Amino acid sequence: MELKLIVWRQKGPDEPGWFENYIARNVSQDQSFLEMLDQVNEDLIRKGRIPIAFDHDCREGICGTCSAVVNGVPHGGFERTTVCQLHMRKFKDGDAIYIEPWRARAFPILRDLVVDRGALDKLIQAGGYISCHTGGVPDGNSIPVSKADSDKAMDAAQCIGCGACVAACPNGSAMLFVGAKVSHLAALPQGQVEAPERVVAMIQAMRDCGFGNCSNHYECQAVCPKDIDVKFISKLNREFLTALILAKAGPFKATAG
Amino acid sequence: MILDGKAPTGPIETSWIRHRSDLKLVIPANRRKYRILVVGTGLAGASSAATLGEMGYNVEAFCLQDTPRRAHSIAAQGGINAAKNYLNDGDSVFRLFHDTIKGGDFRAREADAWRMAEVSQYIIDQCVAQGVPFARDYGGYLDTRSFGGAQVSRTFYARGQTGQQLLLGAYSALSRQIRAGTVRMFPRTEMLDLVVIGGRARGITVRDLVTGEIRSHVGDAVILATGGYVNVFHLSTNAMACSVTAAWKAYKKGAWFANPCYTQIHPTCIPQSGEHQSKLTLMSESLRNDGRCWVPKRKSDVGKPPGEIPEEDRDYYLERKYPSYGNLAPRDIASRAAKEQCDDGRGVGPTGRGVYLEFKESIERLGESVIRERYGNLFEMYERITDEDGYKVPMRIYPAPHYAMGGLWVDYNLMSNLPGLFVLGEANFSVHGANRLGASALMQGLADGYFIIPYTIADYLARIRPGGVSTSDTECVKSVEDVKAALKRLLSIKGDRSVNYFRKELGALLWQHCGMERSRESLTEALARIPGIRDEFREKLRIPGTAAEFNQQLENAVRAEDFIEFAELLCTDALHRNESCGGHFRVEHQYEDGEAKRDDPNYCYSAAWEYKGPGAPPELHKEPLRFENVHLMVRSYK
C-alpha cells in the first residue's frame, strides 16, 4: 500500500506547529499504525531529516502511552483499539491520513505528536487512592467482595490513562478518567471509608488543572480503547453530590486534600 | 573469587524472620535525614519508593516513561502467585518455594526463593487493601487459576490485566506519597550513569528526556528497579523502551552482572508476521489452563485449515510428553517442545513457525461466555493483531524472548557488591534461577519493593552517616561531563544508518546464535561477529537532531550501544556455562529424549562478572549454590 500522511509537526510547547505531507510506501496490511510510522521515520532518517516524535511503549494496548489523533479521532476510530493496536488492514491503498497530537488545554504539546499528560497524575495524587500503609492489613479474604461489585470495580479500573477521553471531549473534560477511578474505589468496601473526601478533592484538582466539565457528548466513551462506560460519570456526579450533602451535615470538611 | 550471598544458615523456615531481627533499624525521626534514589517505577520501583516514602525517608524516584503508571509491569496479564492455600489443594510456602527452585533448574539461592514464597501471602493482602480488584468467586472470596510448573491453583488474577492492576495499586500508593511530599517524582528522566564516591553508590546522572538537560542527583543509597534486558534480541515481548542501560552503566562502575545468559523464552506469543515487526505480543500463560497446544501429526496436513484435521491426526505434544503437567509444563520446556515440532516441519501458519492453541474443547465444556469472562481481553488483543477470531479458529502461537532471569548480582539484602547500590525486581538475578515460573515476576517485584527492601536498606543506612555529598562533588561533575561526551560522540558520527538498523542486526544475531538453543560453535561465532556490529555502529550511525532537545533517536542510540556491549557479556556467560539448565539450552548437553542436562559438579553456582575496563575480558566470580531443602535432582515434569 501507499499512503499519504498529513502529520502535525511542532518543535516545542511554545513553538508554532504546521502540517507536513509524507508518503508512506510499501505499507503491509499486517503492520500496526506505529510500525507504519516507524517505517516513515526510517525513511526520514535516511534522508537526513528529523523523524516524527510520537509516544509509544508497550505496543500491546495496555500501557496507555500511545496517543495520536488519526483522521480527527483519538486512536483512529476503531472500537476499543489503541493506536498501537490499530493495524493497517483497516486502511486502503491511496488513503490520505491526518495525524495529530491530543489537543486539550491541560495537555501541552511537547513535540510533534507528544503531549504532556502529567495533569492526569495530579488528579490521582489529589486522592485517587486508598490510604493504606504497607503492612498491617487484614487477610485478603477477611473482607468478602461480591462478584458483582468486584466486576464493577474491574470494569472501571481497566482505564489505561491514555487521555483519549480528554482529547475527544469538546470541553477537554477528564470526567471519564476521574469517574472511572472514583467508581473503581467506591465499588469496594476498602475504598468507601474516604470516598467523600476523594471525590471532592479529585473534582477540585480537575478544575485546577484546566480540565472542562462534562456536557454529555459521550465522545469520551466512543473513543475509549477500554470501553469505559459513561455511567461512571453519573456515578462520579452521584458520589460528588452525596459528599456535598454529607459536608452540609458536617461530618467532614469538603476541601481539597 | 568465591562470592558470599550472605544468606542466613539454619532452618530455612525461620531464616527470614531470624535475619530480620538481626537487621539494624533507623528510628522514625532520623529517617528524613536520609535520601534514597529509586530508578524505575514498575512494580518493584513504585512499591519500594512508596513504602520508603511512607516510612519517612526522603525519596527521589525516576522513570523514563511520561508517568510511573506506564512501566512495563503493566503488561503482565495472567496473575500473581501466592501460597495462600485458599483452595485447600495442598499449597504451602514450602511448595511454592520448592516449585520455584525446581522450576529454576536449581540455579537460584534457596533462602531468597523461600523468602519470596513466604512474603507472597502478604502481597495479596496488601494489594486487596489498596483496592486491586482481584477476581472473586460468587461467595465474595478471592479466586485463583493455575500456571505452568505448579500442580496447585495459586495464581491470583484481575481478568487478563493483573500486572496493570497491581501496578496501579503501587502507583496509587506512590501518588499518595508524592502528594504527601515524601517522594519527589521525575518522569521522562533516564539514568545514564551511576555516581560512586568513596567506593559507595552515592548518586546517578540523568538526562531529562524533554529538555535534554544532563544533571546528577545524590543520596545515601541508590535503588535500581529498571527491569530486564531481553530487548537485546530486538523482537521480544518487552515494551520498546525496556533496556539494559541503567544496569549496564552500573556494571561499568563496578557492580557485578550475574547469569546474563539466563533469558526466558515464553512459549505463548503471537508469531512474527513479517520484517516490519517492532515487537512481539504475549498471549498469557493462563490461556493454557483451558487451551490445548497441538500440531498436525503429518507434515502433509500442515497447510489444511485446522478444522479439517480430525482428532486422531493431531499431536497434543505437551499432553503426550508431559502427562502430569500437560499444557502447563514450565515455560522453558513448553518453548523447546514447540520449537521441536516446528523444526520437524509440522509448524503451522504462513511462516511455519507456529503451533495451535485451541479452545474448542473448553468452549464446548464450559460455554463461550465462561471463556470470554476469563480471557476476553486476550482474545480481543489476538484479534487486533492477527485479524482472526480465537473463539472460532485456534490461535497460533510461537515462543519469544520474554524475561531476564539474570541481572545485577545482589546479596540476600538485595545489595549489589557496591555498597549502597540495591537492585530489585527483574533487574537483579536473585530468585528465579535459570527459568522463571509463570506469575512469579509480579510476586518478586512486589516482594522486593514492599516487604524486603524496607528492612534491608535500613540496615545499611543505620551504619552510615547521612548526607555529606553534593552535586558539585568532583565525581558528579565528572559523571556529567562523561555522559555529555558520550552523547556528543554518538551525535558526531554522522553516518548513514539508523539506530534501528543496528538493533535489528544485533537482535537477529543473538536470536539465532544465543536464543532458544546455544552451542559452542554458535556462541563462538556470535562473539566473533559482535565487535563488527559495534565498530559499524560507531562509524555509520546517524542520529538526527541535537542532545539539547526531545530526541527519541538519541535515547535509542544510547540503549542500542549498551545492548551491543552487553550482548558480548551475555554470549561470554553462555559460552562458559558448559551445561544446559532452564532457559540456557546448550545442544551439546541433552539427554536422549531432548531434555536439558545439567552439570552439577561443575556448574552449581551463580556466575557474577566484573567489568575490567574497555577491551579487557570481564572477570568471573562464582557464588556456590547449596541445596539443603530441595535436593538436587533431574528436573522432570513427566
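Reckoned from all heavy atoms, side chains included, excluding hydrogens, waters and symmetry mates. Fair warning: this is a prediction, and the values are worked out from it, not measured in the lab. Lettering follows sequence order; numbering is per chain, from 1.
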What part of [X] gets within 4.5 angstrom of chain A, counting heavy atoms only: side chain, backbone, both, or neither?
X        : answer
B:Arg497 : neither
B:Phe156 : neither
B:Ile178 : side chain
B:Glu373 : side chain
B:Asp137 : backbone
B:Lys84  : side chain
B:Ile123 : neither
B:Thr386 : backbone
B:Glu54  : both
B:Asn551 : neither
B:Gln164 : side chain

Examine whether an atom of [X] lies under 4.5 Å from a heavy atom of chain B, and if so say whether it belongs to the side chain, the backbone or both; otherwise answer neither.
X        : answer
A:Val115 : backbone
A:Asp155 : both
A:Arg49  : backbone

Picking from [options], which has the most non-hydrogen pairs under 4.5 angstrom with chain B?
options                      : value
A:Ser146, A:Gly135, A:Gly12  : A:Gly135
A:Cys159, A:Gly61, A:Ser142  : A:Cys159
A:Gly128, A:Gly191, A:Gly161 : A:Gly161

[X] side chain to [Y] side chain, donor-acceptor N/O pair below 3.5 angstrom:
X        : Y        : answer
B:Gln65  : A:Thr65  : no
B:Ser498 : A:Arg46  : no
A:Asp139 : B:Tyr86  : yes
B:Ser175 : A:Gln125 : no
A:Arg117 : B:Thr67  : no

Which heavy atom in [X] sits nearest to a heavy atom in [Y], and how many Å separate them?
X        : Y        : answer
B:Gln165 : A:Ala157 : NE2-O, 3.1 Å
A:Pro144 : B:Gly139 : CB-O, 4.1 Å
A:Val114 : B:Gln552 : CG2-NE2, 4.4 Å
B:Arg70  : A:Cys63  : NH1-O, 3.1 Å
B:Thr237 : A:Glu60  : O-OE2, 3.5 Å
B:Arg188 : A:Leu110 : NE-CD1, 3.7 Å

Donor-acceptor check, side chain of B:Arg542 to backbone of A:Ile45, threshold 3.5 angstrom: yes or no? yes
Are the side chain of B:Gln126 and the backbone N or O of A:His133 linked by a donor-acceptor pair below 3.5 Å? yes
Using a strict threshold of under 4.0 Å (side-chain N to carboxylate O), is an ion pair present between A:Glu35 and B:Lys279? no
Check this for me, if you would: do A:Asp151 and B:Arg136 make a salt bridge, where the nitrogen-to-carboxylate-oxygen distance has to be below 4.0 angstrom? no
Using side-chain heavy atoms (C-beta onward) and a distance below 4.5 Å, is A:Ile160 in contact with B:Gln161? no
Are A:Asp121 and B:Tyr171 packed together at the side-chain level, in the sense that at least one heavy-atom pair is separated by less than 4.5 angstrom? yes
Pairs of heavy atoms under 4.5 Å with chain A: top-ranked of B:Ile385, B:Asp496, B:Val210: B:Ile385
